[in-house]
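Per chain, numbering begins at 1; letters A, B, ... match sequence-line order. Note that this is a predicted model, so its numbers are computed, not measured.
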Amino acid sequence: MTAAVQLAQNDPQPVAEANGRSKVIARDVNVYYGDKHALRNVDLDIPENAVTALIGPSGCGKTTFLRCINRMNDTIPTARVTGRLEIDGRDVHDPEIDVVQLRARVGMVFQKPNPFPKSIFENVAYGPRIHGLARNKSDMEEIVIGSLRRAGLYEEVKDRLGESGTALSGGQQQRLCIARAIAVSPDVILMDEPCSALDPIATAKIEELMDELRTNFTIVIVTHSMQQAARVSQRTAFFHLGILVEQGVTGEIFTAPKDQRTQDYITGRFG
Amino acid sequence: MVAEHTMKAFDADLQDLGRIVAEMGGIAEQQISDAIDALDRRDAMLAQQVIASDARIDTLQREIEEKVILTIARRQPMAVDLREIVGALRISNDLERIGDLAKNIAKRVLALDSEFKSQRVMRGVEHMAELVLAQIKDVLDSYTKRDAQKALSVWRSDEGVDAVNNSLFRELLTYMMEDPRNISICIHLLFCAKNIERMGDHATNIAETVYYMVEGRMLGDERPKGDKTSMTMVPFDA
Ligand SMILES: Nc1ncnc2c1ncn2[C@@H]1O[C@H](COP(=O)(O)OP(=O)(O)OP(=O)(O)O)[C@@H](O)[C@H]1O
Ligand SMILES: [Mg+2]
């Protein structure tokens, strides 16, 4: 048996490595934008302490699904969400849920790095401050420096924490946004094409970071790069035309997908 | 067959690989039947030809290797494409080995110096070769058609070869015990039989690869095993 073929069979990072618990559970989730039925009856389990990749052609509903998890769709007037979406067993649509708290527990990193026009320090300190996570100045410093370290950015910016976040390179800005997201100690981090504007080196750093972060967080990433999904995730879900077509262990999805539509998409056969 | 890629050049790459594998398969089949003919008729010319044709198989195998590496680098293939490409690489390795084994038989033809000839032994060797050739033909056919069921039946058809090899082994032992002057030629024939049997093993490898290419799953290890001669192979080239 050659190594290459064996690799195809065994997931290099089995989900069993994670604790096996589902952090986020979606049941029969439907999303409408006005008349447009953007997501149809989605059932998806997202395991804790693992990276789950959402893939699929443009417009298939990946971002829409991500936005369900932290109720970002609430901000779109035409959007309507039905079904259950649980985090740790609790429906995020429960009227008792505090949306601000929810979004603190579910951080988000966007396609284009979007640092605030403030200092590097303030970019990271912002969340902990509004959530009252630091009792004093040294607490805050600890949080900011710790978050920058975990985002793999500290060494590059430690001498200029007072400079504007927007003065950083694209890759550094994205890591700053990740530092900002993890500063409030979320449980779940959502990443919507976080590397699409980055060069291969910056991309590699973010990917490595994801692998480290997953020991403490649950990560969901949307990506158009099949190779990235194959590299960073333990589970992969393929969406097409608002339908969750197939989900499974990443190694299997990319070597032997079950559904023809998945196969066509990941091999580049959709016209 | 699967639909075309958005990138036409990718389809061309894959077709190229398939075409080279098919050409290698054709040469390997020819090498085997020529090597057995040469052995039967003690035809040194034909044996030389078998030895010479091995260079072409080696060239094609290197060509596949280079194309596979380039295609992986260029296209980063996934799913069925990845399995196709890995499959072509593996099959070409097996075919190259089959070619080597045929060449080994041809070299032995050149080394035979005794007049000893047993019709029964030769029929046995020929019969084994026929069985293995049929396996190779079927497995190459399963590759061309991407037919997992056909590959599976080749994979299961290994016992016949082992059985003939066992009886041939016993027969040759008797000849050797009868007359020590037969020993040298009988050993040569034993090795020829062993070479043929190993070709059969490569045919089963190819069957496993085709099955994996098509189904995306490995076959288990519980293949029927009939070889009880447990000879130790000594490389002929050494
Ligand atoms: N605010 C909105 N109003 C109306 N329709 C929307 C809105 N946002 C998204 N849609 C539609 O919902 C569908 C899913 O969009 P979504 O943004 O989730 O796709 P996506 O999979 O993230 O695509 P991409 O890969 O291009 O980012 C699309 O048909 C899109 O046009
Ligand atoms: Mg999107």
Side-chain angles (χ1 to χ4, degrees), chain A residues 1-12 53-60 195-196 200 203-204 207 223-233 235-240 245-271, chain B residues 1-14 61 64-65 68-69 71-94 96-97 146 148 151 155 201-202 204-221 223:
Chain A
M1 195 63 44
T2 63
V5 175
Q6 208 138 45
L7 235 181
Q9 286 281 298
N10 308 331
D11 182 35
L54 309 184
I55 60 168
S58 191
C60 67
C195 302
S196 60
T203 298
E207 288 181 2
T223 176
H224 281 126
S225 160
M226 300 305 104
Q227 284 69 33
Q228 179 168 65
R231 285 192 298 265
V232 302
S233 73
R235 291 190 70 83
T236 297
F238 169 66
F239 288 79
H240 184 229
V245 171
E246 183 168 355
Q247 55 167 311
V249 174
T250 294
E252 286 169 14
I253 295 275
F254 288 108
T255 57
K258 295 193 174 60
D259 194 283
Q260 188 63 43
R261 290 165 289 180
T262 317
Q263 169 110 280
D264 285 347
Y265 179 69
I266 64 176
T267 58
R269 284 182 168 87
F270 272 155
Chain B
M1 272 301 295
V2 276
E4 286 183 353
H5 283 96
T6 315
M7 296 281 289
K8 294 279 178 288
F10 194 174
D11 291 317
D13 288 347
L14 291 177
Q61 198 236 348
I64 286 201
E65 233 166 59
V68 162
I69 290 169
T71 307
I72 290 175
R74 272 201 203 119
R75 317 270 175 213
Q76 287 125 50
M78 288 286 188
V80 67
D81 297 332
L82 182 59
R83 305 202 305 267
E84 280 276 326
I85 287 169
V86 171
L89 186 63
R90 294 192 66 194
I91 293 172
S92 74
N93 281 333
D94 282 312
E96 189 270 333
R97 292 296 303 138
R146 304 298 188 268
W155 189 69
D201 292 341
H202 287 288
T204 4
N205 285 351
I206 297 176
E208 286 176 9
T209 303
V210 171
Y211 187 87
Y212 173 71
M213 275 172 55
V214 178
E215 296 288 328
R217 282 179 286 123
M218 302 290 186
L219 283 165
D221 294 322
R223 195 156 55 86

Enquirer: If you measure from OG1 on T255(A) to CE on M78(B), what distance do you get to the nearest 0.5 Å?
Expert: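 Interatomic distance, T255(A) OG1 to M78(B) CE, rounded to 0.5 Å: 10.0 Å.
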Enquirer: Find the distance between CD (Q76(B)) and CD (Q227(A)) and round it off to the nearest 0.5 Å.
Expert: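 Going from CD on Q76(B) over to CD on Q227(A), the span is 4.5 Å.
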Enquirer: With a 3.5 Å distance limit and no angle check, can you tell me whether T6(B) reaches the backbone of G268(A) through a side-chain donor-acceptor pair?
Expert: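 Yes: the side chain of T6(B) pairs with the backbone of G268(A).
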Enquirer: Under a 4.5 Å cut-off applied to non-hydrogen side-chain atoms, are E84(B) and T267(A) in contact?
Expert: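 Side chain of E84(B) against side chain of T267(A), heavy atoms only: no contact under 4.5 Å found.
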Enquirer: Under 3.5 Å, is there a donor-acceptor pair between the side chain of Q263(A) and the main chain of V80(B)?
Expert: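 Checked: pair present.
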Enquirer: What is the distance from atom CG of D264(A) to atom NE2 of H5(B), rounded to the nearest 0.5 Å?
Expert: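 Rounded to the nearest 0.5 Å, the CG-NE2 separation comes to 9.0 Å.
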Enquirer: Look up atom CZ in R269(A) and atom CG in D11(B), then write down how far apart they are to the nearest 0.5 Å.
Expert: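 If we round to the nearest 0.5 Å, R269(A):CZ and D11(B):CG are 6.5 Å apart.
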Enquirer: Could you report the tightest heavy-atom contact between P257(A) and R83(B), atom names first, then the distance?
Expert: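 P257(A) and R83(B) have their closest heavy atoms at CD-NH1, 4.5 Å.
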